[in-house]
Amino acid sequence: MIIIATQHVQKSYGADPVLRDVTLEIKAGERVGIVGPNGAGKTTLFKLLAGLEQPDAGEVFRAKGIRWAYLPQTPHYPPEWTARDVIASAFGDVLAIQEEMRLLEREMSRVGEADRELERLIGRYQTLQSEFELLDGYQWEARMAQVTDGLGLSEGFLSTPFARLSGGEQTKTGLAKLLCQQSDVLLLDEPTNHLDLEAMEWLEGFLRDYPGTVLMISHDRCFLDAVVSSIYHLDGGVAEHYTGNYSTFVKEREERLLRQFAEYQEQQKKIKKMQEAIKRLKEWGNRSNPPNEAFHRRAKSMEKALDRLERIERPRLEAERMGLAFHKAERSGEEVLVAEGVSKSFGEKRLFDGASLLLRYGERKALLGPNGCGKSTWIKMMVGELPPDAGTVRIGSSVKLGYLSQRALEGDQERRVIDVFRETAAVSEAEARHRLAKFLFYGEQVFKRIGQLSGGERMRLRLAQLMHQDVNLLVLDEPTNHLDIEARETLEEALAGFQGSLLIVSHDRYFLQKMVDGVYWVENGRLVHDEGTFEEAREKRRQRHSGAGSRTAENTRKAGEPLQSEKRPHAETMPHTMKPAGSGPDAASSRKRSNPYKLAELERAIAEREARRDEMMALLSGGETDYRKLIGWQQELERLTEEIDALYREWMERQES
């Protein structure tokens, strides 16, 4: 059964076309992801599907009798409502029936058994009871608890007045209400925003088992892989359909683009030949005296055929991306960040109690834990924005810090983009505009006020500032928030080539898997360290919590002594693989840890250069007699050979480390 469909939908805001020709078809029970760059019109499409806006042209079909659930961006509720009241309003019909049943119970207790009014009251009560059972009313509190527990909403959170919650907390509350409604169609716009890892994984399972249809806009690649069964890619005002999850979509889209480009090139060749033939026919016709009309008629016929030809649009093989490239800074000291015995409280809430962390040069660590555990507070102590209540925090020698916070670009919101950028990059206005264009700020956009920027634009501007600073330590607090998938991939590529140290707070599992070589988990006010990729670290933590795996450190430590992972290690007592870079004969390899993402990038670069080298060798052996071409090809071959040798050496170093 088709539950939603659009036919050639168009939508513009003023002179700006957002949707040009969108046709889609969604069947009942499907799990559909809507992906595309920021500004492609994904949220506009959702508003059209939900009936909140009307298309300028085209048709939107919505099956009759279907219950829809869409989370508005700015919900409004009575000022006295708490978060619990907002979520409970999802059961409005059930609660209304329950309240009327209670009123009837009180009335029936006041009416005598002989009173004829009692019979009417009982009849009404039985009708309401049937409706209540039909709506599964006796389970509404259990259903609400399932959702609030799954999303990690504490009792204190639920008791807070909705108006006092932050924007992110209000969004999370709205999501909980949406999931409780049990509608036929769920429209979810970035549902994983503001969720921690545990809540994301719970939501994945909830949506997989959801009995209705689910449409979601998301830039979370792991989440899309886990939930959706088809993808609509929205870009340039049109939507393309792909069957499968996000990973399948990426592979198939690349194949489609390559096929379309081959068809485009073939058609261009055909068009060129037809144009040349038309030109020759006209020349031949004009050479005759008198002019030969037969040649001109044939040329005219070919021109008409060329006009009727349905042109294949040149595909855009590469999406428009930011020009991210970190400046190379001098090497920092061996110990980059050191924290020992740190405690921190806010009022009666204790976040950390004797926590320790050590980040060495070249290491890439994540700091992870549930929302509210104090990750951002820890980062602020690391960068000097907050003092610890006890313990010490120290930044190592020659460390040049770059900090990307969740609250980037606070302060005067009337400042212009170009002025904010020039605060950190001492360049002329013309040069600033040129550099900002690499971060997709074009033309008059550089004169926008900070207060007018979207979340994604703020993040791009802050990244532009970081790119023009000499830093060897990056502290990133949710760096992928508000970035679309293309921007996230660009950031990943830039960070893969960054030569310094990284400390990252993020809930983007795809990003973490590519970036980190260890995780510090916030657990019971301490930091527990696990080496390895994100998935390896998560598996170690899972085994530790389930009681499986080795508990050597726990069994051997003295009473009251911190876990080994919580203490500051010393080079002479550490295993060989954990010794600081530069402390032994394997210093070079320890500085280049075996990052699977970097290995894959090296393999791709080697394959590309080897293919190009084979082309050069084929040209050199092809019998060419132009010595200038031969010299150029030989020089190109020598350069490629040197690059391939260097790439293989780096690959071997990383593989053996």
Side-chain angles (χ1 to χ4, degrees), residues 6-12 14-24 36-37 40-41 55-59 232-242 252-321 437 442-443 608 611-637 640:
T6 67
Q7 287 289 329
H8 307 298
V9 162
Q10 299 177 24
K11 183 68 178 179
S12 299
D16 298 324
V18 179
L19 305 177
R20 292 193 295 113
D21 184 9
V22 174
T23 297
L24 55 81
D56 299 334
E59 295 180 341
Y232 276 96
H233 179 252
L234 192 60
D235 194 13
V238 298
E240 285 189 315
H241 181 250
Y242 297 81
E252 187 180 341
R253 182 165 183 264
E254 183 179 353
E255 292 173 353
R256 281 193 197 182
L257 287 172
L258 291 174
R259 285 198 302 270
Q260 186 180 346
F261 188 68
E263 292 168 0
Y264 167 81
Q265 288 181 311
E266 192 62 34
Q267 188 183 66
Q268 290 300 305
K269 291 178 184 177
K270 181 179 178 181
I271 291 171
K272 186 176 181 181
K273 287 181 180 179
M274 292 178 71
Q275 290 171 338
E276 290 173 350
I278 292 168
K279 183 179 178 181
R280 283 196 304 270
L281 287 169
K282 288 182 177 179
E283 288 176 352
W284 293 343
N286 291 333
R287 285 176 189 171
S288 303
N289 191 13
N292 191 322
E293 289 298 323
F295 284 124
H296 283 286
R297 282 196 301 270
R298 190 172 177 187
K300 193 69 174 176
S301 177
M302 289 187 70
E303 284 179 334
K304 289 180 180 179
L306 188 59
D307 290 339
R308 290 194 301 269
L309 186 66
E310 187 174 343
R311 302 294 179 103
I312 298 173
E313 187 175 347
R314 180 189 176 95
R316 190 174 57 167
L317 297 178
E318 285 290 336
E320 193 172 29
R321 293 192 171 194
Y442 301 117
E608 289 176 353
R612 180 63 178 161
R613 181 189 62 185
D614 293 342
E615 291 177 12
M616 292 297 101
M617 293 176 69
L619 289 170
L620 286 167
S621 60
E624 178 62 53
T625 57
D626 187 334
Y627 76 93
R628 287 169 297 188
K629 289 183 179 179
L630 290 170
I631 291 173
W633 292 340
Q634 182 62 37
Q635 290 173 345
E636 176 73 355
L637 179 62
L640 288 166

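- The two residues Val9 and Pro55 make their nearest non-hydrogen contact at CG1-CB, 3.9 Å.
- Residues Asp56 and Ser12 come closest through the heavy atom pair OD2-N, 2.6 Å.
- With sequence neighbours left out, Thr23 forms a side chain to side chain contact (heavy atoms under 4.5 Å, CB included) with Gln7, His8, Asp21.
- Leu258 CG to Arg253 CZ: the interatomic distance, rounded to the nearest 0.5 Å, is 11.0 Å.
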Problem set entry | From CA spacing to verdict: salt bridge (Lys or Arg N to Asp or Glu O under 4.0 Å), Arg612, Glu615 | CA-CA 5 Å; Arg612 180 63 178 161; Glu615 291 177 12; 2.9 Å; yes
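- Residues forming a salt bridge (charged side-chain N to carboxylate O under 4.0 Å, His left out) with Glu263 (at least two apart in sequence, or on another chain): none.
- Note that the CD atom of Gln267 and the CG atom of Leu309 stand 4.5 Å from one another [nearest 0.5 Å].
- Every residue two or more places apart in sequence or in another chain that forms a side chain to side chain contact (heavy atoms under 4.5 Å, CB included) with Gln275 is listed here: Ile271, Leu306.
- Rounded to the nearest 0.5 Å, atoms CG (Leu640) and CD (Glu608) are 11.5 Å apart.
- Taking each heavy atom of Tyr232 and Ala239 in turn, the nearest pair found is CD2-CB, 4.2 Å.
- Residue Glu254 qualifies as open at atom CD: its count of foreign heavy atoms under 6.0 Å is 12 or below.
- In this structure, the separation between CD on Gln268 and CD on Glu266 is 10.5 Å, given to the nearest 0.5 Å.
- Across every non-hydrogen atom of Val22 and Leu234, the tightest pair is CG2-CD1, 4.0 Å.
- Salt-bridge check for Glu283 with Arg280: failed, with every basic side-chain N at 4.0 Å or more from each acidic carboxylate O.
- Partners of Asn286 under the side-chain hydrogen bond (donor to acceptor under 3.5 Å, both in side chains) rule, at least two apart in sequence or in another chain, are His296.
- For the side chain to side chain contact (heavy atoms under 4.5 Å, CB included) test, residues two or more places apart in sequence or in another chain that qualify with Glu252 are Tyr242, Arg256.
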Run the side-chain donor-acceptor check on residues 297-304: report pairs under 3.5 Å with partners two or more places apart or on a different chain.
from, atom 1, to, atom 2, distance (Å)
Glu303, OE2, Lys282, NZ, 2.6

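- Side-chain atoms of His241 and Leu24, non-hydrogen and from C-beta on, never get closer than 4.5 Å to each other.
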